[in-house]
Amino acid sequence: MVISFERCSRRTARGRCGEALVPKRRTARNAPTTIRGRDSFVHALDQLQSRGIMPSVVEDAIQNGDFMVGKTSVTSAFYSPVNDLTIITNMGSGRVTTAVLGLVKP
């Protein structure tokens, strides 16, 4: 494949020859499910899978991690310093909302 750089402007925020830098929105890879008795949202499952986080690590963070109030009134955060991982859950249902590597400040 030959790429012509003549049509590419250096002044635009674009990737290779005019391709947008922002990836297209992808569809969810997973369906909502229950793992080890804990419900998880689709977004959380996709994040866990893409970051290589095992369900046992999620459960450990929730059981033994440091509790923090989440960024909204309906979420809570559990930080595991051992795994350097923050798990966000819904306070009402207990469902895992997302997983973030590192400490998330509320």
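Computed from a predicted model, the values in this text were never measured in an experiment.
Hydrophobic clustering (side-chain heavy atoms under 4.5 Å, transitive across Ile, Leu, Val, Met, Phe, Trp, Tyr) groups Leu101 together with Val58.
Closest approach of Val96 and Ala44 over heavy atoms only: O-CB, 3.4 Å. Contact between Val104 and Thr86 at its shortest, heavy atoms only, is N-OG1, 3.3 Å. Scanning all heavy atoms of the two residues, the minimum distance from Ala61 to Phe78 falls at O-CB, 3.4 Å. Nearest heavy-atom pair, Leu103 versus Met68, reported as atom, atom and distance to 0.1 Å: CD1-CE, 3.7 Å. Val57 and Asn83 get closest at one heavy-atom pair: CG1-ND2, 3.5 Å. Taking every heavy atom of both residues into account, Ala99 and Gln47 meet most closely at O-CB, 4.2 Å.
For Met91, the CE atom counts as densely surrounded, since its 6.0 Å shell holds more than 12 non-hydrogen atoms of other residues, nucleotides or ligands.
When side chains are defined from C-beta on, Val100 does not count as touching Leu85, because their heavy atoms never get closer than 4.5 Å.
Note that OG1 of Thr98 is 6.0 Å distant from CZ of Arg51, once rounded to the nearest 0.5 Å. Rounding to the nearest 0.5 angstrom, the gap separating the CG atom in Leu48 from the CD1 atom in Ile87 is 6.0 Å. In this structure, CG in Asn90 is found 11.5 Å from CD1 in Ile88, a value given to the nearest 0.5 Å.
The ring-ring contact (aromatic ring centres under 6.0 Å, His included) search around Tyr79 returns none, not counting sequence neighbours.
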